[in-house]
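What follows is a single structure, written as structure tokens, with notes after it.
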Amino acid sequence: MAEFSKKVLQVVAKIPKSKTLTYRQVAEMAGNPKAYRAVGNILAKNFNPKVPCHRVIKSNGQPGGYNRGEQNKIKILKSENAIK
DNA sequence: CGTATGACGTGCA
DNA sequence: GTGCACGCCATAC
């Protein structure tokens with residue numbers, strides 16, 4: 001696995017509960033602030049349950065997508081009160 | 001290496 | 001606020 005992908009998963013896995021980060025923030029913390037596009041790509045292929053990818057949303061506040069279903073992602077975020 | 005794809009971001013009409 | 005085009009990076013082929 002490439003360092004960047006690993007870093008992204010690591011960063012997402014460190015996201016505290018009821019907290020959300022934008023794809024941009026994740027990419028920035030991963031070391032490549034310009035790879036926000038790749039972040040979504042990586043998370044889309046990542047099925048690791050240790051990585052709460054549902055905590056990662058778009059910079060405009062929209063939930064974005066989810067490999068388990070967008071509706072499911074929204075549901076989880078609402079359940080955790082991570083979004084308004 | 002070149003092309004296509006995708007859970008994005010920004011700019012502009 | 002909405003819709004569209006372009007740019008961006010990693011990955012698959």
Side-chain angles (χ1 to χ4, degrees):
Chain A
M1 227 183 208
E3 283 297 305
F4 181 69
S5 314
K6 199 157 119 189
K7 198 80 173 181
V8 171
L9 299 177
Q10 199 170 242
V11 172
V12 177
K14 288 173 183 288
I15 301 178
K17 202 169 183 164
S18 301
K19 191 74 175 229
T20 54
L21 286 180
T22 65
Y23 293 97
R24 222 188 188 178
Q25 290 291 313
V26 176
E28 195 173 333
M29 292 203 283
N32 288 31
K34 294 152 66 157
Y36 43 74
R37 215 27 160 95
V39 174
N41 226 321
I42 294 166
L43 293 179
K45 293 174 176 168
N46 172 65
F47 278 76
N48 192 323
K50 303 254 88 173
V51 183
C53 20
H54 60 264
R55 303 257 173 83
V56 187
I57 62 177
K58 298 185 51 165
S59 59
N60 62 338
Q62 293 300 114
Y66 194 47
N67 49 19
R68 297 288 200 275
E70 303 173 42
Q71 295 300 323
N72 195 9
K73 176 174 184 176
I74 298 172
K75 186 175 180 169
I76 295 171
L77 291 174
K78 283 196 121 195
S79 297
E80 296 187 343
N81 198 26
I83 57 177
K84 42 178 172 50

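All values below were derived from every heavy atom in this structure, side-chain atoms included, with hydrogens, water molecules and symmetry-related copies excluded. So that the names make sense, note that chain A is the first sequence line, chain B the second, and so on, each numbered from 1.
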Hey, is the side chain of [X] poking within less than 4.0 Å of OP1 or OP2 on [N], counting only N and O atoms?
X       : N      : value
A:Asn32 : C:dA10 : yes
A:Arg24 : B:dT10 : yes
A:Lys58 : B:dC8  : yes
A:Ser59 : B:dT10 : yes

For the residue pair A:Ile74 and A:Leu77, establish whether any side-chain heavy-atom pair is separated by less than 4.5 Å.
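No, every pair of side-chain atoms sits at 4.5 Å or beyond.
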Quick one: label [X] by what it contacts on the DNA or RNA (base, sugar-phosphate, nothing), any heavy atom closer than 4.0 Å.
X       : value
A:Ser5  : sugar-phosphate
A:Ala27 : nothing
A:Asn67 : base
A:Ala38 : base

From [options], nucleotide with atom closest to [X] side chain:
X       : options               : result
A:Tyr66 : B:dA7, C:dA10, C:dT11 : B:dA7
A:Arg37 : B:dA7, C:dT11, C:dC9  : C:dC9
A:Lys45 : C:dT11, C:dC9, B:dA7  : C:dT11

Assign each of A:Val39 and A:Tyr36 to its nearest nucleotide of DNA chain C by heavy atoms, then name whichever residue's nucleotide is nearer the 5' end.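 Result: A:Tyr36.
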Whole-Å gap separating P (B:dA7) and CZ (A:Phe47) |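 Rounding to the nearest Å, CZ of A:Phe47 and P of B:dA7 are 11 Å apart.
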